[in-house]
Enquirer: 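The structure that follows is given in the form of structure tokens.
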2 protein chains.
Amino acid sequence: MSPYDPSAFPPFAVTVDLVVLTVRRHALCALAVRRGESPFQGRWALPGGFVRPDEDLSSAAARELIEETGLCAHDPDSPVQANGAHLEQLATYGDPKRDPRMRVVSVAHLALAPDLPAPRAGGDANSARWAPVDALLAQGGYGREGEQATPLAFDHAQILSDGVERARSKIEYSSLATAFCPPEFTVGELRRVYEAVWGVALDPRNFHRKVTGTPGFLVPTGGTTTRQGGRPAQLFRAGGATLLNPPMLRPDV
Amino acid sequence: MSPYDPSAFPPFAVTVDLVVLTVRRHALCALAVRRGESPFQGRWALPGGFVRPDEDLSSAAARELIEETGLCAHDPDSPVQANGAHLEQLATYGDPKRDPRMRVVSVAHLALAPDLPAPRAGGDANSARWAPVDALLAQGGYGREGEQATPLAFDHAQILSDGVERARSKIEYSSLATAFCPPEFTVGELRRVYEAVWGVALDPRNFHRKVTGTPGFLVPTGGTTTRQGGRPAQLFRAGGATLLNPPMLRPDV
DNA sequence: ATCATAGTCGTCTGCTTGACGATAAACACC
DNA sequence: GGTGTTTATCGTCAAGCAGACGACTATGAT
């Protein structure tokens, strides 16, 4: 930051907002936090915050992700997944009126995480929760057990919608659906991820043939599990392949 | 812009940078401008500039596009193409050290344009030109007729590379390749677009079958042309379809 | 023992693709 | 006018993949 005439450019605030998606109970869910301050006080919003002066955008997103969920973002260039989530830049939102206080440009990021025990929000358990994206995006807003239905704050409904659309299309041609799964998972669990994200039913037999027949998508661990009931299923880990060729085909569209 | 404590957030400069692509003489080319100021004075860079205080990001990108090329960006939600270019947000680059002067966050946009007579750069004809992306991205830099070879300024090589990759993958599953063509074009011209962007040779017969068989991709205008030599070819306009299903398949990959 | 549940292996049919032969309609040149 | 060149367009054939669906397997529940 060398000295430079600050009047030569208009100052902006830059934030990162996070669309954190997971699959819970057969539904695609997003992390939402309740705003404690004005504007939109008491409304649900996406987690996010200001980018610090010497911080990269992706670092800021990873920091927010840890603060909100405890998840470590794994480097997208490394095949390691560990207990971390997938994190990528989504898009940037900079409408001059998107924040009534000042000019804010928000660089939204998309995170995909396996099902987690519970969100944490700086200790305040009631101010962060997983909510089905359908409910968050429903025009009436979001209500649970009689709670007041309110739309998301700012332009966060648009951001969430864009993030969901990105996730829906990206699991078609990449192995990203495995980011929704624990380190070891069965073909059925992976299929339920696709079904939840796309909102469709898939044929278990054709799905099994497809994913086990795509080289590099899944590697068997040798173990089996019966946690879903029924016949024990083979356990797999995500393989090295990131791009699926040919892609998974989404019905209809 | 209500009054608000300006010390509550760190100020950033926000710019838009443009990756403007076109196909000239069987090669994918990008618009490059020569920097007149420090830093990177005299080096080639992507066109761009500061976002104005009350301007949307996409408006800023469209304004820069007009200033640099005279092209009107057409609304991506409207099927009209007219004489305009396709314009979409690409990604945002915010490394704290990407500009040595100050903290700059740049929202890069991708524009796809038909072959144009010549770029204009505020009247200075020598400070803007179309250059093959291969040359701009070559590690040695860009040299033409003995001109000094220099890499692009800032992180613009990365931005250009990301833009080219986006274009390459997006013409697979969308009708965006038509954005590189004039309003009326032949199947052969469209095929040469694919060949230039992907850098491969495609079978004219299979390509013809594919694009004419995809509903909504092309609509015949009734006219024919012989501007490429050989047998006269039917003229087409871009159809309403934006997503190709099934997609065009890129050889190898 | 029987049923319900979930996983896994096959089969068949239709569609799409890639390779490539054949024909058509213009121009260039002799 | 004939001949070759160029580009466009139509057809054919085999291989591969996807969707529909039958059959069998291995567990737990009743």
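Reminder, nothing fancy here: chain letters follow the sequence lines and each chain counts from 1.
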Enquirer: Between Met248(B) (CE) and dT16(C) (C1'), how many Å, whole number?
Expert: 13 Å
Enquirer: Could you state the CG-C1' distance from Leu218(A) to dT8(C), rounded to the nearest angstrom?
Expert: 14 Å
Enquirer: Quiz question: by atom type and distance under 3.5 Å, do the side chains of Tyr93(A) and Asp162(A) form a donor-acceptor pair?
Expert: yes
Enquirer: Regarding Arg227(B), tell me which of base, sugar-phosphate or nothing describes its non-hydrogen contacts under 4.0 Å with the strands shown.
Expert: nothing
Enquirer: If you pin Asp203(B) and Pro247(B) to their nearest nucleotides in DNA chain C, which one's is more 5'?
Expert: Pro247(B)
Enquirer: Would the base of dG18(C) count as contacting Arg209(B) through its side chain, where contact means a donor and an acceptor less than 3.5 Å apart?
Expert: yes
Enquirer: Round to the nearest Å and state the distance from Leu244(A) atom CG to dC17(D) atom C1'.
Expert: 15 Å
Enquirer: Round to the nearest Å and state the distance from Glu195(B) atom CD to dT7(D) atom P.
Expert: 11 Å
Enquirer: Please pick, from dG19(D), dT8(C), dA8(D), the nucleotide with the shortest atom-to-atom distance to any side-chain atom of Arg191(B).
Expert: dA8(D)
Enquirer: Please give, in whole Å, the distance from dT8(C) C1' to Gln228(A) CD?
Expert: 16 Å
Enquirer: dC17(D) C1' sits how many Å from Asn245(A) CG, rounded?
Expert: 12 Å
Enquirer: Using heavy atoms to find the nearest nucleotide of DNA chain D for Arg231(A) and Asn206(A) separately, return the residue whose nucleotide is more 5′.
Expert: Asn206(A)
Enquirer: With no angle test and no hydrogens, is the base of dG7(C) tied to the side chain of Arg205(A) by a donor-acceptor pair under 3.5 Å?
Expert: no
Enquirer: Within the 4.0 Å heavy-atom criterion, would you say Arg192(B) contacts the bases, only the backbone, or no part of the nucleic acid?
Expert: sugar-phosphate
Enquirer: Check the distance between dA26(C)'s C1' and Gln234(B)'s CD and give it to me in whole angstrom.
Expert: 15 Å
Enquirer: Can a side chain N or O of His208(B) be found less than 4.0 Å away from OP1 or OP2 on dT9(D)?
Expert: yes
Enquirer: Let me know which of Leu65(B), Val33(B), Leu46(B) forms a side-chain contact (heavy atoms from CB on, under 4.5 Å) with Leu18(B).
Expert: Leu65(B)
Enquirer: Minimum heavy-atom separation for Leu21(B) and Phe180(B), please, with both atom names.
Expert: O-CE2, 3.5 Å
Enquirer: Once you round it to whole Å, what is the distance between P of dC17(D) and CZ of Phe207(A)?
Expert: 17 Å
Enquirer: Kindly compute the distance separating OG1 (Thr226(A)) from CZ (Arg231(A)), expressed to the nearest 0.5 Å.
Expert: 11.5 Å
Enquirer: So, is Lys210(B) near the phosphate of dT16(C), with a side-chain N or O under 4.0 Å from OP1 or OP2?
Expert: no
Enquirer: Quick one: does any side-chain atom of Arg166(A) pair with a main-chain N or O of Leu110(A) as donor and acceptor, under 3.5 Å?
Expert: no
